[in-house]
Structure formats: C-alpha cells, structure tokens
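Here's the structure we're looking at; comments come further down.
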Amino acid sequence: MGFLHISEPLSWEESLQHLRFVREHGLEQFLSVLRRCQHIEADPFKWGDEVEHGIFKLVGNDEDASRTVKVLLRSPEVLAQLQALETKIEEERGPLKAHESATWMPEFGSWMLESTPGGPMEGLSGIGDLEASLRLRRQRLSAALQPGEVAPTVTSMPLFGASNFSEPAFEPRGPAADSLFVPDEAMFPHPRFPTLTKNIRERRGDRVAIRRPRYNPNRQPGSGDAVIDAADIRGPVPTSVAEADALDHVYADAMAFGMGSCCLQVTMQAKNLSESRHLYDQLVPLTGVMLALTAASPFLRGLICDDDTRWGTISQSVDDRTDAERGLASDAQGDERLAGRGVRQLKKSRYDSIDCYIGESDEATKANDLPVVYDQEFFDKLRNNGVDANLAQHIAHLFNRDPLVMFGDRMDLDDERDVDHWENLQSTNWQTLRFKPPPPEKGALPSDAAKHIGWRVEFRSMEVQPTDFENAAFTAFIIAISRAILDLKLNLYLPMSKVEENMRRAQRRSAATAEKFWFRTRVLPQDSSEEVDESELYAEMTVHEILMGGSNNSFPGLVPLLTQYLSEGDLDDKTCSALRTYLPFIVARAEGSLITPATFMRNFVLQHESYQQDGRVPPAAAHDLVVAMDEIGQGLRCAPSLVGESNSPLSSSETLSPEGSPLTRCSASCRRPCSPSCMAYMNMACRC
C-alpha cells in the first residue's frame, strides 16, 4: 500500500460527476509519463519483495478449553512504533544496506501492516541477503508486540468473520461495509479504506458476495471427482448469519475478507520500457503455477473450504460491477456518468488475472486469443499519440473501470507533473501482474541516481508463506527465472484462454500436485526455427513437469534451464548456497513430498481434538494453529512436512539476528526471542 493522501474523500454520490474527468485526465497523465520516461535505457535490475502481516491476540492458555484467537485492531499503533524504530536506527547508525533496514506501511485492515526491505535489492546477488531481510522484519515486528500477541505470516486468521473475532469487539452492519459479519472498525483508520469499501458496494448496488465451496471430505483431488469452483457457485443473498450458515457453500460479504488476506509480491525494475513489457508477458504463464505452489488459504469465516487459495475470495470482495455488467440484468439506459454507462458486460472483477499480453511482438498479439473489452475512445487516443496496439489495448482496458476514491482537493492537477488520476485507475485494477510506469519525477532522474525509479513489473499472485525460508525461496525463484527469461531469451507465451484455465485450476484443493496446467513445450530461442503443429506447442503438465521437464514432450523444465543458466554466471557463494537450497525445496513441494501451507493448516484442524467433523474451525483449534504457525515462523517448532527436515531446525537458546544482535529466551518455554537492540530502541522490557 503506497502513500495515503490525508484529506476527506468524496462520497459516491459526489464522485459520480467527476468519474469521466478523472478517467480522461488519468489517460493524459499516463501519456505524459510515457513521453517523459519512454527513453530510459540501461537501468540496473533492481527488485524488492512485499510481505503483508497480520497481528493476532491469543486468548487463554494451551490448557484452557475455551481458548481462542482474535485479530488485534491496533496495527496503527504498532506501525507508528516500527516506523519510529527505523528512523531512530538510521539516525544512530547512518545509511544501511537494503536488507539491514525495513520500510513499514499501512494495509487495509487495522490488524495488518506491510513490510519491504529498506531499499531495493540489486541483481541476483541480492538473493543471498533476502532471507536475512525477511527475518529482520519478522523479529522487529515480533519485538513490538505485547504479551499474548503474535504475528505469524499467514494469509488470514481462521476465525475472521466468525462471532466475536476481533479485539476489541465491535458490532457489524456499519455504514461502510454493511456486513453481516465484519465491523467497519476492522478497517485501517484512514478515510480511503471505508470510502473504497462503501463506494464498491454503492456502485455495485448491493453488498459484495463471496462464495467458496465447503470442504468435502469425500472428494479426492486428482481422482476425477467432480470439482466445484468458486466462480461457478450461485445462491441467494442471506439477510442473517443463520441464513448464511445454512447455505451449501461458504458465504461472506465484505471487502475485508479479501483485502484482509495477506500475500507475497515481488517488484522488478527492467532496463527499459521494452524489456518491462517483455518480462511482464513472459511471467504471465507462471502466475497460476505460483499461486498453486504457494496455496495457503483453506478457511473462510471460520469454515473449512474445499479450495486452497485467497484468489476467489479477494476477487469477489472488490467486485464493483453492476448487475448489467455481470450479465445478470438488462439495462439499456444505464448511467452515462459510469464507465460504459454501467451496462457494458465485463467478464471479471477488477481484481483478477490479467486480460491481455502487452509485448510488442506478433507472438504477443497472437497469444491474445480472448476478446478484451476496452473503451474505444481511450484506445483511439492512445493510438493517435503513438502507442502501439497491444499496449494501448492494455491501458484502455484499465479505463473500463471507474475510479473509486477521489479527494476534492486533488481534482484539478497538472497532468504533466501529477499522476493521481492515473494511479487512481492503475492501482485499483488489481491483477496477477502489474505493469508499472515510473513516477515521472523519479523516472526523469539519471539511472544511477539513488532515487531513480524505472519501468517495473510486479508479480502479484503468490500467497504469503509461514516461514522466512519459504517466502525467500519463492521470491528468489521469481527473481532468478526473470533473469533467465531475459538473458536466455526464453519464450513462454501461452494463449490467454489457457492462462485463464490455469488460474481456475490453481485455486483448487491440492492443485500443486493434483492438477495439470497448460504450458509451452518449446521455450528456447532455437526452437522457433522448427515447424511445429499448434497442438504440439502447448501441453498440459503437472507443476512438477513444468519445473523439471516432462517425459512426453521436448520441454526441458524451468529448474534445469535455470540451474544451467546460474552455473554459467559469476555468482557469489552466498547467493549460490541460497539457491541450492531454495530450488530443491520448490521442486519437493511440486512433487508432493512437501505439502502446501493450505494442506498443512487444513490437516491441522481436521486432526485437532476439538474438531467436530462439521466443517467448522473450532476456536481451540484456531488458537493452537496460530500458535503453531507463529512458532514455525520463528524457528521454534519443526515443520518437516512443510519445509523439510533441513529447513526447519529448532532454534537454540541463543541465535543471531541479521544485524548480529543476540536473540535470547529467558526460559525454554519462551515463545518469542527478544532482540536486545530492538528492545533498547523501543525502551521495552522483555516480552516473555
């Protein structure tokens, strides 16, 4: 979550008269950025990860039958504390390396916050410091918490949206979300968030409707049993919690269920505009595969789901389409103030998989085999300003959507300098990848300037993992495969229709091992000279075959290609050592010898002594699961089925933090190692 403007936003009724103005000037602002920054060349390959965190309150001890866990609505206080800590450390120590500091930002929920390295990492060598950066952030967040508070890196708290799930407790049915389950106070206390929530609901004409399949213990993934996908579920809109509970699927009704799900994202800077577009395209076929590999969301509203990821939840949670746009009603009149008058059919929510490739090649154009809905007027203006058809199509399709949060004091802007209106549309089209033009002032700086920012690509489909090792492994894979794609000139283009099918399959239970995904069989430059029938160019493969190669086709596998590429490079020992650990771990998860967090967490609840065989997560099981995930993340509990024996050692009584400070425990039962350096900066006592 980027900079939050401090002002009073317009209501939806007040916004309606400004929607077209913002869209029109947003397009002008994009064109201005393009004019100013299209000539950037030779930018270094810089990158960074983004981890979203949740803070929870443990209620009761391990022996208390009534123990439970709640989301803790005090992230603004913790955020201010962490930001002050970073400032104080920098003042006392001077400039630090990227992995030696952190940046902390607010997120949607008032139990959430976001962390990134203190600055951009650079090149493949940055991979060697990645896990240390993640560990540092976990330790600083942990040290900022009070007794009984924990912050495991999980997508969501299992009981979120169930009865009495927050601390402090508030009543639902607030004016912003109007939710049956979630109070407005669960949102971060900045006016953007309740306004975004309310305006989505008001544009849509009703509360959002989130539907996921209930856990079916009789269905075996990969056996041929019928699969129910979230996208196919229909049902009435409940008017009470009892009606919602009586449905044959899991129902939720607020943006907080989706935007309250934590994820892992990676942003990379390309050398120029052309390379950023090419990298964007080549990463598209990996979005579904990486979602399946990182699946970590088996619960919704205290119920066990029969799918594994947050994707359907978050997509439905911000779906502001009208009934006509969703194809559920015929409204020939519409509202001329809305994009497409609010009647133009849109097949997806504004949070979903990408709709089109944006590269400059004929192959990109050919792979766009699905129709893309866009505003012809905006497309024509882009083309008339020299933007090629593929990029114009992508930008124009972003403007199919309406801006959702507007500030009256940021309406009349300088389109040659400001980008508020462009970012209003760009930042609320949440897709599996994001093509990110430079901020104009920073893009205009020389490439070697410390504050220069160039053309970037953000990889957005992965779910946050319980351990720093896992988050480092998947981030490192995206970084390394991106360099291999660019340097080896790999061609991973896949028809968009097959990308869509992959995303549907990726959300299913045990998709990493039980599903097959479409992938290109010939990816090397020399393969382009061969005449191959279209039917042989793509094949359905398991994730393991995508990584290691398939026996029935010529595809060599991404990991062997990557391993060969890395062996020919001049990498330092630390980076090589890290990748030699990360790649086998990812392969092991794909072959099923290690399980996904979704499987781990679902099994934990199903096997818990309090589970009643009713598809509900018992409070005691939720408590114990959160404790387990926190201890696994801090290295205090082994999880060999999740990360393997060698990657889940029990911590000793004293280890070293990334900055070299000793992390001590006052007793064998102490759950939180306390860094004296962090304690001293925050003027805290030991939290044990």
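Positions are given from 1 along the sequence. Because only heavy atoms are used, hydrogens play no part in the values below, and waters and symmetry mates are left out as well, while side chains stay in.
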Checklist entry - Just by modelled atom types, is the Asn272 backbone N or O under 3.5 Å from a matching donor or acceptor in the Glu41 side chain? => result no
Next on the checklist: For the backbone of Lys97 and the side chain of Glu100, can you confirm whether one donor and one acceptor N or O come within less than 3.5 Å of each other?
Outcome noted: yes
Item to check | Over all atoms of both residues, closest heavy-atom pair of Pro285 and Leu492 | outcome: CG-O, 3.0 Å
Checklist entry - Among pairs that include at least one residue of residues 388-399, which meet side-chain hydrogen bond (donor to acceptor under 3.5 Å, both in side chains), considering only residues two or more places apart or in two chains? => result Arg277-Asp388, Asp355-His397, Thr365-Asn390, His397-Gln431
Checklist entry - According to the salt bridge (Lys or Arg N to Asp or Glu O under 4.0 Å) rule, which pairs have a member within residues 398-407, sequence neighbours left out? => result Arg23-Asp402, Arg203-Asp402
Checklist entry - Can Tyr357 and Tyr493 be said to form a ring pair (Phe, Tyr, Trp, His ring centres under 6.0 Å), step by step? => result CA-CA 9 Å; Tyr357 292 102; Tyr493 275 116; 5.0 Å; yes
Next on the checklist: In the structure I gave you, are the side-chain heavy atoms of Asp281 and Glu363 within less than 4.5 Å of one another anywhere?
Outcome noted: no
Checklist entry - Are the side chains of Thr432 and Tyr351 in touch, meaning some heavy atoms are under 4.5 Å apart? => result no
Checklist entry - Quick one: are the ring centres of Tyr582 and Phe469 less than 6.0 Å apart? => result yes
Checklist entry - Is a side-chain N or O of Asn424 found less than 3.5 angstrom from the main chain of Asp420, in a donor-acceptor match? => result no
Next on the checklist: Quick test of your reading of the model: are Arg410 and Asp418 salt-bridged, counting only N-O distances below 4.0 Å?
Outcome noted: yes
Checklist entry - Side chains of Thr155 and Ser297: is there a donor and an acceptor less than 3.5 Å apart? => result yes
Checklist entry - Can you check whether Cys37 reaches Trp455 side chain to side chain, under 4.5 Å on heavy atoms? => result yes
Next on the checklist: Run Arg383 and Val387 through side-chain contact (heavy atoms from CB on, under 4.5 Å) and show every step you take.
Outcome noted: CA-CA 5 Å; Arg383 296 289 284 130; Val387 181; 5.7 Å; no
Item to check | Test log, rule side chain to side chain donor-acceptor pair (under 3.5 Å), inputs Thr428 and Arg350 | outcome: CA-CA 7 Å; Thr428 57; Arg350 61 197 299 154; 2.9 Å; yes
Checklist outcome for this item: Heavy-atom closest pair (Pro194 atom, Ala176 atom, distance to 0.1 Å) is O-CB, 3.7 Å
Next on the checklist: Walk me through whether Ile354 and Met496 qualify under side-chain contact (heavy atoms from CB on, under 4.5 Å).
Outcome noted: CA-CA 9 Å; Ile354 72 152; Met496 193 56 60; 3.9 Å; yes
Item to check | CG (Asp362) with more than 12 external heavy atoms under 6.0 Å | outcome: no
Item to check | Ser32 side chain to Asp415 side chain, donor-acceptor N/O pair below 3.5 angstrom | outcome: no
Checklist entry - Regarding Glu90 and Thr87, is there a side-chain donor-to-acceptor distance under 3.5 Å anywhere? => result no
Checklist entry - Side-chain contact, heavy-atom cut-off 4.5 Å: Lys46 with Met268? => result no
Checklist entry - Is a side-chain N or O of Thr287 found less than 3.5 angstrom from the main chain of Leu283, in a donor-acceptor match? => result no
Checklist entry - Do the non-hydrogen side-chain atoms of Glu131 and Asn471 ever get within less than 4.5 Å of each other? => result no
Checklist entry - Could you give the distance from CG (Leu293) to CZ (Phe477), rounded to the nearest 0.5 Å? => result 8.0 Å
Checklist entry - Going by heavy atoms in the side chains, are Leu558 and Phe519 under 4.5 Å from each other? => result yes
Checklist entry - Would you call Glu463 and Arg310 a salt bridge, using N to O less than 4.0 angstrom? => result yes
Checklist entry - Near Lys348 NZ, under 6.0 Å, is it more than 12 heavy atoms from other residues, nucleotides or ligands? => result yes
Checklist entry - Salt bridge check: are Glu441 and Arg36 linked by an N-O gap of less than 4.0 Å? => result yes
Next on the checklist: Donor-acceptor check, side chain of Ser133 to backbone of His99, threshold 3.5 angstrom: yes or no?
Outcome noted: no
Checklist entry - Is the side chain of Arg460 donor-acceptor paired with the backbone N or O of Arg434 at a distance under 3.5 Å, no angle test? => result no
Checklist entry - If you draw the axis of the six-membered ring of Tyr565, does the NZ or CZ of Arg483 fall within 45° of it and under 6.0 Å from the ring centre? => result no
Item to check | salt bridge (Lys or Arg N to Asp or Glu O under 4.0 Å) between Glu86 and Arg140, intermediate numbers included | outcome: CA-CA 10 Å; Glu86 299 296 338; Arg140 288 188 176 167; 2.9 Å; yes
Checklist entry - What's the spacing between Leu433 CG and Tyr280 OH if we round to 0.5 Å? => result 5.5 Å
Next on the checklist: With a 4.5 Å cut-off on side-chain heavy atoms, are Thr197 and Val318 touching?
Outcome noted: no
Next on the checklist: Are Met259 and Ile314 packed together at the side-chain level, in the sense that at least one heavy-atom pair is separated by less than 4.5 angstrom?
Outcome noted: yes
Checklist outcome for this item: Taking every heavy atom of Ala506 against every heavy atom of Leu291, the minimum-distance pair comes out as CB-CD2, 4.0 Å
Next on the checklist: So which atom in Cys356 and which in Val372 form the shortest heavy-atom distance, rounded to 0.1 Å?
Outcome noted: CB-CG2, 3.8 Å
Item to check | Check against salt bridge (Lys or Arg N to Asp or Glu O under 4.0 Å), Glu24 and Lys381 | outcome: CA-CA 10 Å; Glu24 289 178 343; Lys381 183 162 189 174; over 6 Å; no
Item to check | side chain to side chain donor-acceptor pair (under 3.5 Å) assessment of Thr475 paired with Asp49 | outcome: CA-CA 7 Å; Thr475 299; Asp49 71 274; 5.5 Å; no
Item to check | Trp422 (side chain) donor-acceptor with Leu27 (main chain) under 3.5 angstrom | outcome: no
Checklist entry - Would you call Lys574 and Asp572 a salt bridge, using N to O less than 4.0 angstrom? => result no
Item to check | Between Thr153 and Arg138, a side-chain donor and acceptor under 3.5 Å | outcome: yes
Next on the checklist: For a ring pair (Phe, Tyr, Trp, His ring centres under 6.0 Å) check, start with the C-alpha distance between Phe188 and Trp111, then their side-chain angles and the critical distance, and finish with the verdict.
Outcome noted: CA-CA 8 Å; Phe188 194 90; Trp111 72 98; over 10 Å; no
Checklist outcome for this item: Scanning both residues in full, the closest heavy-atom pair of Trp104 with Arg137 reads CH2-O, 3.3 Å
Checklist outcome for this item: Rounded to the nearest 0.5 Å, the CG atom of Asp319 sits from the OG atom of Ser349 at a distance of 4.0 Å
Next on the checklist: Using every non-hydrogen atom in the two residues, find where Ser497 and Asp369 come nearest and quote the distance to one decimal.
Outcome noted: OG-OD2, 2.6 Å
Checklist entry - If only atom types and distance count, is the side chain of Glu114 paired as donor or acceptor with the main-chain N or O of Met105 below 3.5 Å? => result no
Item to check | OG on Ser15 to CG on Leu10, rounded to 0.5 Å | outcome: 4.5 Å
Checklist outcome for this item: dist Ile40:CD1 -> Ser274:OG (nearest 0.5 Å) comes out at 13.5 Å
Checklist entry - Counting distance only, does the side-chain N/O of Ser427 pair as donor-acceptor with the main-chain N or O of Glu423 below 3.5 Å? => result yes
Checklist entry - Just by modelled atom types, is the Leu346 backbone N or O under 3.5 Å from a matching donor or acceptor in the Glu325 side chain? => result no
Checklist entry - Can you tell me how far CG of Asn502 sits from CD of Gln507, rounded to the nearest 0.5 angstrom? => result 11.5 Å
Checklist entry - After noting the C-alpha distance and the side-chain angles of Arg35 and Glu416, does the key distance pass the salt bridge (Lys or Arg N to Asp or Glu O under 4.0 Å) rule? => result CA-CA 10 Å; Arg35 286 191 294 269; Glu416 293 300 316; 3.1 Å; yes
